[in-house]
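All remarks here apply to the structure that follows.
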2 protein chains.
Amino acid sequence: MCRTYDGGVNASSYPSVPPDPLVEESDDAGDDRLGLRETKKRQTRLAMHRAAVELVAEHGFTPVTVEMIARRAGVSTRTFFNHWVTKDAAVLGVVPGESREIAASLRAELEVHGPRDALRHVLRDVLAGIPADPELRDLKKQVMSKEPRLHTISSGNLIEVQSELVEVLTEAMDGEDARMRAVIVVQVGFALTRSAFGFSMSTGMDLPSAYDRVIELYDAGLQDD
Amino acid sequence: MCRTYDGGVNASSYPSVPPDPLVEESDDAGDDRLGLRETKKRQTRLAMHRAAVELVAEHGFTPVTVEMIARRAGVSTRTFFNHWVTKDAAVLGVVPGESREIAASLRAELEVHGPRDALRHVLRDVLAGIPADPELRDLKKQVMSKEPRLHTISSGNLIEVQSELVEVLTEAMDGEDARMRAVIVVQVGFALTRSAFGFSMSTGMDLPSAYDRVIELYDAGLQDD
DNA sequence: CGAACTGTTGCATTGACTGCACTATTTTAT
DNA sequence: ATAAAATAGTGCAGTCAATGCAACAGTTCG
């Protein structure tokens, strides 16, 4: 592609924190403890995300311009880029931040489980943290299935997280090829996550369940085919 | 604005492979069966690729403009885009095309091996097919290690191939979750490929060997960590 | 209430990428 | 060998994503 990316990253645990994984569901109503400013910010952000998904669902990715999205969301294009690193990010709802948090939870999991399972738990949590807005989810499903480009990007955006996780895992794995093995574990972990994503998209199953099913199939001995 | 006619094509001396996954080494001399036109085309393409890699190695990805690359390669920017889909593609040397071919070889391998091993063979072959131009390889190594963005992209470019392979594998796998299992096999296959890529980049080991090592580690039971 | 913040915006600019029309050269058919 | 069909290279005009900067307005906090 083109333009300037720098990969914003994505998800993590859950609500509350200012540094937010994906677009959070904020209702016009609630949110009294967040301050007017923060509330408004989230509203506009959500508005943009919505607009982006809707428009892309209508016209496809390329034909939709940032200006169109901004207009529908009722903001200026400049504001648009104050919230989203790229046009893609807005469609996917990816807010930059989080790799650090994810790495932290991996570290925590490592106290309890081995590398592979620790990573699996973390990734599952991340998936579970992705909001399942009934409206948007269906739209997104359509969009993603028709716009393979977004898959690319979404996986691309994960790269920052990946390297962070590799670091953590490398520490935890001792022996000769610690780093190399860490890389493999992470790569395979993300491969399964991506599979779950696709599975979820095509079946409509929710992400965590899809993930579980994928793990199940994988462990069942896909090895031996 | 940007036209230096020095025909600055420094083609290097290497055997040429007709079905080219990446930029092929074409020699000024031998190529009698390719026709003048095709020969020149490849020369300019190679020149651009070279220029791109060199410049990015010097300045990093973002600061290098297409115009700079084109100028150094002695072509117009318009010509640049006649050859490469994007700036990234030029740096990576990715010529669009052959997902069909790869799919075909997978089909062939499936006559002999099971899904997993068939895919492994195919992927290994693809890796082996990537030209190991001594000069460029080192540069590319540098570039890739300093420019994580390119990893993203390179894996992104593979997405077309991926879905093609999934199709083929799905046919070959029968049973309930054929498609899903195919997806997983492919995703994991590519995960290992990416690992090999990283391995090769950091150690300098050639790609096929790196790939073998990765497979070895993986099969050795990374599962049980 | 006043000062420090911070989100929104307009403006100007860069740079990736495309469509179109044209030239020059190679290829092919006659 | 020559005319006709192809096609790589090029210039030009234009679209659109993305960024820096400066000004403004509503929010928060002392």
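In what follows, chains are A, B, ... by sequence order, proteins preceding strands, each numbered from 1.
Atom-to-atom, CZ of A/F80 to C1' of C/dT9 comes out at 16 Å; the value is rounded to the nearest Å. As a whole-Å value, the separation of B/E38 CD from D/dT7 P is 11 Å. Nucleotide D/dT7 holds its P atom 14 Å from the NE2 atom of B/H83, rounded to whole Å. Distance A/R71 CZ to C/dT9 P: 13 Å, rounded to the nearest Å. Rounded to whole angstrom, the span from the CD atom of B/E67 across to the P atom of D/dT10 amounts to 13 Å.
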Kindly determine whether A/L169 and A/L165 satisfy side-chain contact (heavy atoms from CB on, under 4.5 Å), including the steps that lead there. CA-CA 6 Å; A/L169 270 193; A/L165 294 187; 5.7 Å; no

Can B/N82 and B/T79 be said to form a side-chain hydrogen bond (donor to acceptor under 3.5 Å, both in side chains), step by step? CA-CA 5 Å; B/N82 280 341; B/T79 297; 4.8 Å; no

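The base of C/dG7 has none of its N or O atoms less than 3.5 Å from a complementary donor or acceptor on the side chain of A/R78. Not a single donor-acceptor pair, N or O on each side, falls under 3.5 Å between the base of D/dG9 and the side chain of B/R37.
In this structure, A/K87 forms no cation-pi arrangement with A/F81, as its terminal cationic atom is not both closer than 6.0 Å to the ring centre and no more than 45° off the ring axis.
The side chain of B/L36 sits closest to C/dT27 out of C/dT27, D/dA18, D/dG9. Among the nucleotides C/dT9, D/dA18, D/dA8, the one closest to any side-chain atom of B/K41 is D/dA8. The side chain of B/V75 approaches D/dT10 more closely than any other nucleotide in the set D/dT10, C/dC17, C/dT9. Among D/dG9, C/dT9, D/dA17, the nucleotide with an atom closest to any side-chain atom of A/T65 is D/dA17.
A/T44 comes within 4.0 angstrom of the backbone, heavy atoms only, and of no base.
By the neighbour-count criterion of 12 heavy atoms within 6.0 Å, atom CD of A/E67 is sparsely surrounded, having that number or fewer from other residues, nucleotides or ligands.
Between A/F81 and B/N82, the residue anchored nearer the 5' end of DNA chain D, judged by the nucleotide with its closest heavy atom, is B/N82.
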